[in-house]
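Quick notes on the structure that follows.
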Amino acid sequence: MAKVTEPSTPGDVSSTRTVDRALALLMTLLEGTTNGTLSDLARATGLSPSTASRLLSTLAQHQLIRRDSDGRHWAGSRMKQIAAATLREEPLYELVGPHLHALVEETGETASLGVAAGKDQVLYLRQVASTRQVQTITWTGRTIPRKDTALGAALDGKPTPRGYVTSQRPDSDVTAVAAPIIGHDGTILGAISINAPTYRTSEPDVERFGQALVRHASTLSSSLGAPAHLVGTR
């Protein structure tokens with residue numbers, strides 16, 4: 001196992017700072033919160049353009065990122081390999097695919113799988129977009145706050161007695177409904193959700209979404225060996 005040591009010399013401090021800056025650039029790029037240009041990435045990370053350019057070139061040499069002809073940066077082939085290897089280790093990623101597609105067919109809205117990303121955030125691990133002309137934004141690979149979100153409440157084990165939870169944040173025009181997925185030891189491994197534009201989502205719609213989510217979450221939980229008395233009720 002690799003051992004991380006605290007920097008003890010000026011050279012160590014400089015090396016650590018360089019790694020921190022490179023990782024900040026990489027994470028900002030992968031989060032998709034900028035348009036991927038050098039100037040935007042430098043601004044978002046608080047780096048000078050010259051420093052950002054040097055670090056991006058190093059990341060590109062390792063195929064972690066790539067730069068297109070328009071000057072925008074994207075995930076590189078090596079990063080995609082790392083992501084694929086990581087997803088293969090996540091059993092929910094493969095299991096949930098057919099259920100997300102079925103949920104989109106049943107509800108007409110975007111379906112997602114969310115997993116915990118630390119104590120305060122939720123990671124959108126997989127999504128299937130709505131086929132309707134007006135749809136919510138897909139956020140695969142991005143994070144949202146755990147607090148005051150349907151996915152966050154589901155991951156925290158706070159659904160209503162009906163087995164699902166809803167949210168409609170003041171800063172959003174999206175209504176979200178989510179239900180937890182339970183593992184063999186009774187812990188919550190993730191949650192599936194439906195996101196829909198609030199203007200076209202009625203109370204009967206929310207109930208319909210919730211029932212569909214509970215049904216699919218129960219099937220997923222059972223396939224993962226969840227205790228029968230927790231499936232669909234937690």
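No hydrogens, no waters, no symmetry mates; every other heavy atom, side chains included, goes into these values.
The main-chain N or O of Leu224 is never found under 3.5 Å from a side-chain atom of His184 such that the two would form a donor-acceptor pair. Remark: the backbone N or O of Asp173 is paired with a side-chain donor or acceptor of Thr198 at under 3.5 angstrom. The backbone N or O of Asn35 sits less than 3.5 Å from a side-chain atom of Arg72, completing a donor-acceptor pair. A donor-acceptor contact shorter than 3.5 Å is absent between the side chain of Thr187 and the backbone of Gly183. The closest donor-acceptor contact from the side chain of Ser130 to the backbone of Gly108 lies under 3.5 Å. A donor-acceptor pair under 3.5 Å is formed between the side chain of Ser221 and the backbone N or O of Ile182. Using modelled atom types, no side-chain atom of Thr175 and backbone atom of Thr201 make a donor-acceptor pair closer than 3.5 Å. One N or O on the side chain of Ser223 and one on the backbone of Leu220 form a donor-acceptor pair closer than 3.5 Å.
Residues Met27 and Leu123 are members of separate hydrophobic clusters, defined by side-chain heavy-atom contacts under 4.5 angstrom among Ile, Leu, Val, Met, Phe, Trp and Tyr.
Summarising the geometry of Gln127 relative to Thr110, their closest heavy-atom pair is NE2-CG2, 4.2 Å, with the distance given to 0.1 Å. The two residues Leu95 and Pro98 come nearest to each other via the heavy atoms O-CD, 3.5 Å. Here the shortest heavy-atom pairing between Phe209 and Ala196 reads CE1-CB, 4.0 Å. Considering every non-hydrogen atom in both Gln168 and Val174, the closest pair reads NE2-O, 3.5 Å. Listed here is the closest heavy atom pair of Met79 and Leu26: CE-CD2, 3.6 Å. Of all non-hydrogen atoms in Val122 and Gly114, the two that sit nearest each other are CG1-CA, 4.0 Å.
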Working for side chain to side chain contact (heavy atoms under 4.5 Å, CB included), residues Val115 and Leu189: CA-CA 7 Å; Val115 296; Leu189 302 180; over 6 Å; no
Side chain to side chain contact (heavy atoms under 4.5 Å, CB included) evaluation trace for Arg21 with Thr51: CA-CA 9 Å; Arg21 289 173 171 177; Thr51 298; 4.2 Å; yes
Worked verdict on Lys158 versus Val165 for side chain to side chain contact (heavy atoms under 4.5 Å, CB included): CA-CA 7 Å; Lys158 297 179 180 179; Val165 65; 5.6 Å; no
CA sep, side-chain torsions, deciding dist, call: Ser222, Thr219, side chain to side chain donor-acceptor pair (under 3.5 Å): CA-CA 5 Å; Ser222 295; Thr219 301; over 6 Å; no
CA sep, side-chain torsions, deciding dist, call: Tyr124, Ile144, side chain to side chain contact (heavy atoms under 4.5 Å, CB included): CA-CA 8 Å; Tyr124 277 106; Ile144 60 171; 3.6 Å; yes
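Rounding to the nearest 0.5 Å places OG of Ser167 at 7.5 Å from CG of Asn195. Annotation: the span from Ile65 atom CD1 to Gln61 atom CD amounts to 10.0 Å, rounded to 0.5 Å. To the nearest 0.5 angstrom, Asp20 atom CG is 12.0 Å from Thr45 atom OG1. Here the straight-line distance linking atom CG of Asp68 with atom NE2 of His73 works out to 8.5 Å at 0.5 Å rounding. Between Arg43 atom CZ and Leu38 atom CG the span is 10.0 Å, to the nearest 0.5 Å.
Pairs passing the salt bridge (Lys or Arg N to Asp or Glu O under 4.0 Å) check and including a residue from residues 174-190, sequence neighbours excluded, do not occur. Counting only residues at least two apart or on different chains, the salt bridge (Lys or Arg N to Asp or Glu O under 4.0 Å) pairs with a member in residues 204-213 are Asp205-Arg208. Counting only residues at least two apart or in different chains, ring-ring contact (aromatic ring centres under 6.0 Å, His included) contacts with residues 95-122 comprise His99-His216.
Because its NZ or CZ atom is both nearer than 6.0 Å to the ring centre of Tyr93 and within 45° of the ring axis, Arg126 counts as a cation-pi partner of that residue.
Checked options Leu103, Val128, Ile192; the residue passing with Val96 is Ile192 (criterion: side-chain contact (heavy atoms from CB on, under 4.5 Å)).
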Pairs under 3.5 angstrom only: tabulate donor-acceptor contacts from the side chains of residues 52-59 to other protein residues two or more places apart or in another chain.
from: Ser57; atom 1: OG; to: Ser53; atom 2: O; distance (Å): 3.0
from: Thr58; atom 1: OG1; to: Arg54; atom 2: O; distance (Å): 3.2

For residues 148-156, run the donor-acceptor check on the side chains, cut-off 3.5 Å, and write out each pair with its distance to 0.1 Å, sequence neighbours left out.
from: Thr149; atom 1: OG1; to: Pro145; atom 2: O; distance (Å): 2.9
from: Thr149; atom 1: OG1; to: Arg146; atom 2: O; distance (Å): 3.2
from: Thr149; atom 1: OG1; to: Gly152; atom 2: N; distance (Å): 3.1
from: Asp156; atom 1: OD1; to: Arg146; atom 2: NE; distance (Å): 2.9
from: Asp156; atom 1: OD1; to: Arg146; atom 2: NH2; distance (Å): 2.8

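Checked against salt bridge (charged side-chain N to carboxylate O under 4.0 Å, His left out), Arg215 has the following partners two or more places apart in sequence or in another chain: Glu106.
Here the side chains of Glu109 and Pro197 are in contact, with some heavy-atom distance below 4.5 Å. Side-chain contact between Pro159 and Pro180: present, with at least one pair of heavy atoms (C-beta onward) separated by less than 4.5 Å. Here the side chains of Ile181 and Leu113 are in contact, with some heavy-atom distance below 4.5 Å.
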